[in-house]
Participant: 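Before I ask anything, here is the structure I am working with.
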Amino acid sequence: MTITEVSKKYGLTPDTLRYYERIGLIPPVPRGKGGARDYGEESCQWVELMKCMRSAGVQIEALIEYAALTQRGDETLEARRTLLVRQRQQLSARMADMQASLDRLDYKINRYTQLMGGESSKSPSSDPSPQSKR
């Protein structure tokens, strides 16, 4: 696949794909006869993985380290696993924070609905200031 095709498929700009390759986020993409990048299945899997991880908020530095470890082979399996476990823990903590924010918003929305005389769609969760009209 060309860089334009991969760009469209994954919703990343060609500049972003070049950047990912330049900094080692994805391994070097093979080149065709004319020197243009020729993304095969493996290259696309790397792009997809990195897009997923970046969308989840995983730091570029951690992903660069992961890619470098992967290219060194099976001797780095434990280091890769450790890195991924650490990233999972961080993502889980961020998700818990987001869930707490979502619960708070649900409470406030339901409270306003009740104050306006409507029916609440969910039972309100606890709020430190349940009588607050803020």
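Since the structure is predicted, the reported quantities are computational estimates derived from the model, not experimental observations. Heavy-atom basis, side chains included; hydrogens, waters and symmetry copies ignored.
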Participant: Of the non-hydrogen atoms in Arg86 and Glu65, which two are nearest, and what is the gap between them?
Facilitator: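 Answer, listing the atom of Arg86 first, then Glu65: NH2-OE1, 4.3 Å.
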Participant: According to a hydrophobic-cluster definition based on side-chain heavy atoms being under 4.5 Å apart (Ile, Leu, Val, Met, Phe, Trp, Tyr only), do Ile3 and Ile23 belong together?
Facilitator: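 In one cluster: yes.
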Participant: Is it the case that one hydrophobic cluster holds both Trp46 and Leu84, taking links as side-chain heavy atoms less than 4.5 Å apart, direct or via other members?
Facilitator: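 Per the 4.5 Å side-chain linkage, Trp46 and Leu84 are co-clustered.
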Participant: So, taking the atom named CZ in Arg104 and the one named CG in Asp106, what distance separates them when rounded to the nearest 0.5 Å?
Facilitator: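 So the CZ of Arg104 and the CG of Asp106 are separated by 12.0 Å.
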Participant: So which heavy atom on Gly73 is nearest to which on Arg80, and how close?
Facilitator: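 Where Gly73 meets Arg80 most closely, the heavy atoms are O-NH2, 2.9 Å.
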Participant: Between CZ of Arg37 and CG of Leu17, what distance do you get to the nearest 0.5 Å?
Facilitator: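 Going from the CZ atom of Arg37 to the CG atom of Leu17 covers 8.5 Å.
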Participant: Which value, rounded to the nearest 0.5 Å, describes the distance between Met50 atom CE and Ile64 atom CD1?
Facilitator: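 Taking CE in Met50 and CD1 in Ile64, the distance rounds to 9.0 Å.
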Participant: Donor-acceptor pair, distance only, cut-off 3.5 Å: does the side chain of Thr2 make one with the backbone of Glu5?
Facilitator: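 Judged by distance alone, yes, a pair lies under 3.5 Å.
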Participant: If you look at every heavy atom in Ser43 and Pro30, which pair is closest and at what distance?
Facilitator: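 Distance-wise, the nearest heavy atoms are OG-CD, 3.6 Å.
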Participant: Just by modelled atom types, is the Met1 backbone N or O under 3.5 Å from a matching donor or acceptor in the Asp38 side chain?
Facilitator: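 Yes, because the side chain of Asp38 sits within donor-acceptor range (under 3.5 Å) of the backbone of Met1.
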Participant: Can you measure from CD1 (Ile26) to CZ (Arg18) and round to the nearest 0.5 angstrom?
Facilitator: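 Answer for the CD1-CZ pair, Ile26 versus Arg18, is 11.5 Å.
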Participant: Is there a donor-acceptor pair under 3.5 Å between the side chain of Lys51 and the backbone N or O of Leu12?
Facilitator: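 Such a contact is absent between Lys51 side chain and Leu12 backbone.
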Participant: Could you go step by step and tell me if Thr16 and Tyr20 meet the side-chain contact (heavy atoms from CB on, under 4.5 Å) rule?
Facilitator: CA-CA 6 Å; Thr16 298; Tyr20 280 6; 3.8 Å; yes
Participant: Please tell me whether Gln114 and Asn110 have a donor and an acceptor in their side chains that are separated by less than 3.5 angstrom.
Facilitator: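 No pair is found: no donor N or O on one side chain lies under 3.5 Å from an acceptor on the other.
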Participant: Look at the side chain of Arg94 and the backbone N and O of Ala56, then say whether any donor-acceptor pair between them is shorter than 3.5 Å.
Facilitator: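 Between the backbone of Ala56 and the side chain of Arg94 there is a qualifying donor-acceptor contact (under 3.5 Å).
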Participant: Please name the pair of heavy atoms, one in Arg54 and one in Val58, separated by the smallest distance, quoted to 0.1 Å.
Facilitator: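 Heavy-atom minimum between the residues: NH1-O, 2.6 Å.
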Participant: Check whether any side-chain heavy atom of Tyr39 sits under 4.5 Å from a side-chain heavy atom of Lys9, and report yes or no.
Facilitator: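 The answer is no; the side chains never approach within 4.5 Å.
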Participant: Would you say that more than 12 heavy atoms from the other residues, nucleotides or ligands in this model lie under 6.0 Å from the CZ of Arg81, or not?
Facilitator: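 No.
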Participant: Roughly how far, to the nearest 0.5 Å, is CD of Glu78 from CG of Leu69?
Facilitator: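 Taking CG in Leu69 and CD in Glu78, the distance rounds to 11.5 Å.
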Participant: Transitively linked via ILVMFWY side-chain contacts under 4.5 Å: Tyr19 with Leu63?
Facilitator: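 Both belong to a single hydrophobic cluster.
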Participant: Does atom CD of Glu42 have more than 12 heavy-atom neighbours, drawn from other residues, nucleotides or ligands, at distances under 6.0 Å?
Facilitator: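 Counting other residues, nucleotides and ligands, CD of Glu42 stays at 12 neighbours or fewer.
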Participant: Do other residues, nucleotides or ligands put more than 12 heavy atoms under 6.0 Å from the CD atom of Glu41?
Facilitator: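 Count not over threshold, so no.
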Participant: If only atom types and distance count, is the side chain of Thr70 paired as donor or acceptor with the main-chain N or O of Tyr66 below 3.5 Å?
Facilitator: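 Present.
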Participant: With a 3.5 Å distance limit and no angle check, can you tell me whether Glu21 reaches the backbone of Val29 through a side-chain donor-acceptor pair?
Facilitator: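 Indeed, once roles are kept as given, a pair shorter than 3.5 Å links the two residues.
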Participant: Between Leu102 and Met95, is there shared hydrophobic-cluster membership here, with clusters defined by ILVMFWY side-chain heavy atoms closer than 4.5 Å?
Facilitator: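 Not linked; separate clusters.
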